[in-house]
K.L.:
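Mind looking over this structure? Questions follow.
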There are 2 protein chains.
Amino acid sequence: MSAAGLKSWQAVQGEVRRRIDARVWKPGDMIPNEADLSVEFGCARATVNRALRELAQSGLLERRRKAGTRVTMHPVRKATLDIPVIRHEIEGRQQAYSHMVLTSERLKPPGDIRARMQIGPEDELLRLVSVHLADARPHVFEDRWINPRTAPNIEQVDFSALSANEWLVLNIPFERGDISFSATTAGAREAGILACREGEGLFVIERTTWRNGESITVVRQTFAPGYRMHTTL
Amino acid sequence: MSAAGLKSWQAVQGEVRRRIDARVWKPGDMIPNEADLSVEFGCARATVNRALRELAQSGLLERRRKAGTRVTMHPVRKATLDIPVIRHEIEGRQQAYSHMVLTSERLKPPGDIRARMQIGPEDELLRLVSVHLADARPHVFEDRWINPRTAPNIEQVDFSALSANEWLVLNIPFERGDISFSATTAGAREAGILACREGEGLFVIERTTWRNGESITVVRQTFAPGYRMHTTL
DNA sequence: CAGATTTTTATGTATAGACTTATAAAGAAT
DNA sequence: ATTCTTTATAAGTCTATACATAAAAATCTG
């Protein structure tokens with residue numbers, strides 16, 4: 001039962017995982033404090049701390065000062081998704097990347113975009129509608145709004161060379177953003193651009209990014225049928 | 001430019017982020033080693049290490065022994081999604097949760113399921129088709145295969161009381177899994193069960209989980225229209 | 001000069017000890 | 001009984017030091 005000589009934080013973490021898994025420590029239970037565990041395992045408290053900190057971060061343990069550490073009652077699994085630049089994703093599959101700007105105009109945005117980007121009623125944004133192609137076949141339909149106040153040189157950029165996404169990543173790095181994943185039904189426009197049937201289910205990513213408390217861009221990317229995001233748990 | 005007296009790892013991390021953001025250290029650049037940084041910031045090397053380790057984990061830096069630390073050329077943003085138990089997700093929105101088992105049978109699975117779960121050609125699985133409801137309205141349509149070899153008592157469980165998901169989380173915790181997100185088009189069956197129009201785009205989560213190198217379950221969850229997963233970057 | 005070997009070096013990790021901070025719990029005051 | 005104050009405690013963190021490990025760079029060798 002007791003395990004002495006667990007000198008690396010990985011070993012300690014493994015043993016703690018094992019005990020939770022084997023219900024030695026049940027969901028909701030308090031576990032011994034760091035000092036006691038470090039004695040039991042024959043290592044320093046810092047080593048135990050490192051092991052437990054990571055488990056708390058992944059949601060398996062809950063820790064509070066003075067209160068101690070307990071096994072999470074209903075652990076929420078966390079999945080980490082890579083959000084790649086579309087060109088890299090396509091090139092990573094050994095396909096040829098290209099993209100096409102369909103429209104590019106400066107105008108006052110509709111209310112929902114104005115609200116999401118928290119801009120004034122008179123502010124104009126750059127709207128960029130484009131499509132990314134993999135081996136010359138449509139892959140993503142992109143509808144983007146860019147705030148010229150946070151991306152000042154945006155009007156002069158030639159987006160036929162570099163996609164808006166990449167230009168922004170390189171020049172206006174964001175510090176905060178939110179992202180959502182959902183599904184939509186292909187309308188006539190999407191079907192035409194993505195070369196699919198009207199009424200087909202399509203995967204959608206929507207993203208808003210911020211810098212210094214000001215919005216940079218809002219983008220909605222609609223993927224061609226069959227697209228999936230994949231990761232491990 | 002130089003910043004002395006950054007004594008906490010958060011402060012060090014903030015300063016490093018700032019320098020990367022301000023292009024003091026450009027993508028692809030090597031940054032000073034830990035020892036030098038600890039001198040510059042006036043803190044211990046362990047503090048610098050803690051700050052940089054987290055940045056490397058989030059993909060902003062690349063570190064290799066002896067080679068040193070460099071700013072990632074094309075940082076891949078990582079989004080962390082919570083994968084909640086459906087009941088908790090619904091109850092968290094103050095809605096009433098319930099679920100209904102539509103079919104429950106033991107049979108040999110089709111080839112794709114057999115391949116994904118890596119089981120023998122004669123092995124039988126428990127197939128469970130159910131629907132989760134929020135305020136009595138259909139929310140998720142779930143098609144699940146369970147391996148009785150890894151979940152031995154599964155045949156005796158009363159899934160009208162506890163959903164298969166929750167029973168498994170409580171009794172057969174998995175140690176590894178993979179998950180994918182995609183979109184599908186509602187067929188007649190999905191439309192009937194989820195009370196939506198045929199041809200509507202629906203969000204889909206597919207998951208396979210493992211324990212001791214054996215598969216536990218494969219599940220495909222199709223969400224009612226309008227569902228979205230959301231997180232921050 | 002290619003290939004094997006040694007050296008050097010930056011990160012990775014462990015440790016004992018001290019101090020900080022949040023906070024649960026006990027005690028005091030109302 | 002309720003509210004305020006104190007105290008004890010467990011996690012959170014920083015430090016100096018030491019050693020481990022991977023891998024680049026330098027050196028040796030045939």
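In this text the structure is predicted, and so the values were computed from the model without any measurement. Residue numbers start from 1 in every chain, and the chains themselves are labelled A, B, ... in the order their sequence lines are given, proteins ahead of strands.
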K.L.:
Can you give me the first and the last nucleotide of DNA chain C (5' to 3') that has an atom within less than 4.0 angstrom of a non-hydrogen atom in chain A?
P.N.:
C:dT13 to C:dA24

K.L.:
With a cut-off of less than 4.0 Å, is there a side-chain N or O of B:Gln10 near OP1 or OP2 of D:dG12?
P.N.:
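The answer is no; no side-chain N or O of B:Gln10 sits under 4.0 Å from OP1 or OP2.
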
K.L.:
With nearest nucleotides of DNA chain C determined for B:Ala46 and B:Pro32 from heavy-atom distances, which residue corresponds to the more 5′ nucleotide?
P.N.:
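Here B:Pro32 is the residue nearer the 5' end.
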
K.L.:
Partners of B:Arg228 by side-chain contact (heavy atoms from CB on, under 4.5 Å), sequence neighbours excluded?
P.N.:
A:Ser180, A:Ser182, A:Glu206

K.L.:
Under a 4.0 Å heavy-atom cut-off, which of residues 56-72 of chain A touch DNA chain D?
P.N.:
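Within this stretch, A:Arg63, A:Arg64, A:Arg65, A:Lys66, A:Gly68, A:Thr69 sit under 4.0 Å of the strand.
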
K.L.:
For A:Glu91, enumerate each residue passing the side-chain hydrogen bond (donor to acceptor under 3.5 Å, both in side chains) test, keeping only those at least two apart in sequence or located in another chain.
P.N.:
A:Arg87

K.L.:
Check side-chain contact (heavy atoms from CB on, under 4.5 Å) between B:Glu62 and all other residues, then give those that pass, not counting sequence neighbours.
P.N.:
B:Arg70, B:Thr72

K.L.:
Bend across the helix from C:dC1-D:dG30 to C:dT30-D:dA1, to 10°, with axes taken over 5 pairs at each end?
P.N.:
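Taking five pairs per end, the axes differ by 10°.
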
K.L.:
Partners of B:Arg144 by side-chain hydrogen bond (donor to acceptor under 3.5 Å, both in side chains), sequence neighbours excluded?
P.N.:
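Only B:Glu142, B:Thr217 meet the side-chain hydrogen bond (donor to acceptor under 3.5 Å, both in side chains) criterion with B:Arg144.
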
K.L.:
How many Å lie between CG on A:Asn49 and P on D:dT9, as a whole number?
P.N.:
20 Å

K.L.:
Would you please name every residue forming a side-chain contact (heavy atoms from CB on, under 4.5 Å) with A:Lys26, sequence neighbours left out?
P.N.:
A:Arg23, A:Asp29

K.L.:
Rounded to whole angstroms, how far apart are CZ on B:Arg53 and P on D:dT13?
P.N.:
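Checked: the CZ to P distance equals 11 Å.
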
K.L.:
Roughly, in whole Å, what's the span from CG in A:Asp36 to C1' in D:dT9?
P.N.:
12 Å

K.L.:
Assess the pair A:His88 and A:Tyr97: is the distance between their ring centroids shorter than 6.0 Å?
P.N.:
no

K.L.:
Please examine the side chains of A:Phe181 and B:Phe181, heavy atoms only from C-beta on, and report whether any two atoms are closer than 4.5 Å.
P.N.:
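A side-chain contact is absent here, since even the closest heavy-atom pair is not under 4.5 Å.
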
K.L.:
Take atom CG of A:Leu55 and atom P of D:dG12, then tell me their distance rounded to the nearest Å.
P.N.:
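In whole Å, D:dG12 P and A:Leu55 CG are 12 Å from each other.
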
K.L.:
Roughly how many Å is it from NZ in A:Lys7 to P in D:dA20, rounded to a whole number?
P.N.:
13 Å

K.L.:
Ignoring hydrogens and angles, answer whether the base of D:dG12 and the side-chain atoms of A:Arg45 contain a donor-acceptor pair closer than 3.5 Å.
P.N.:
yes

K.L.:
Residues two or more places apart in sequence or in another chain: which of them pass salt bridge (Lys or Arg N to Asp or Glu O under 4.0 Å) with B:Asp178?
P.N.:
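For B:Asp178 there are no salt bridge (Lys or Arg N to Asp or Glu O under 4.0 Å) partners, ignoring immediate neighbours.
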
K.L.:
Report the distance from atom CD of A:Glu34 to atom C1' of D:dG12, rounded to the nearest whole Å.
P.N.:
8 Å

K.L.:
Output side-chain donor-acceptor pairs under 3.5 Å for residues 46-55 of chain A, partner residues at least two apart or in another chain, one line each.
P.N.:
residue, atom, partner, partner atom, Å
A:Asn49, ND2, A:Glu34, OE2, 2.8
A:Glu54, OE1, A:Gln13, NE2, 3.4

K.L.:
Considering residues at least two apart in sequence or located in another chain, which fulfil the side-chain contact (heavy atoms from CB on, under 4.5 Å) criterion with A:Lys66?
P.N.:
none

K.L.:
Restricting to side-chain hydrogen bond (donor to acceptor under 3.5 Å, both in side chains), what partner residues turn up for A:Thr209, sequence neighbours left out?
P.N.:
none

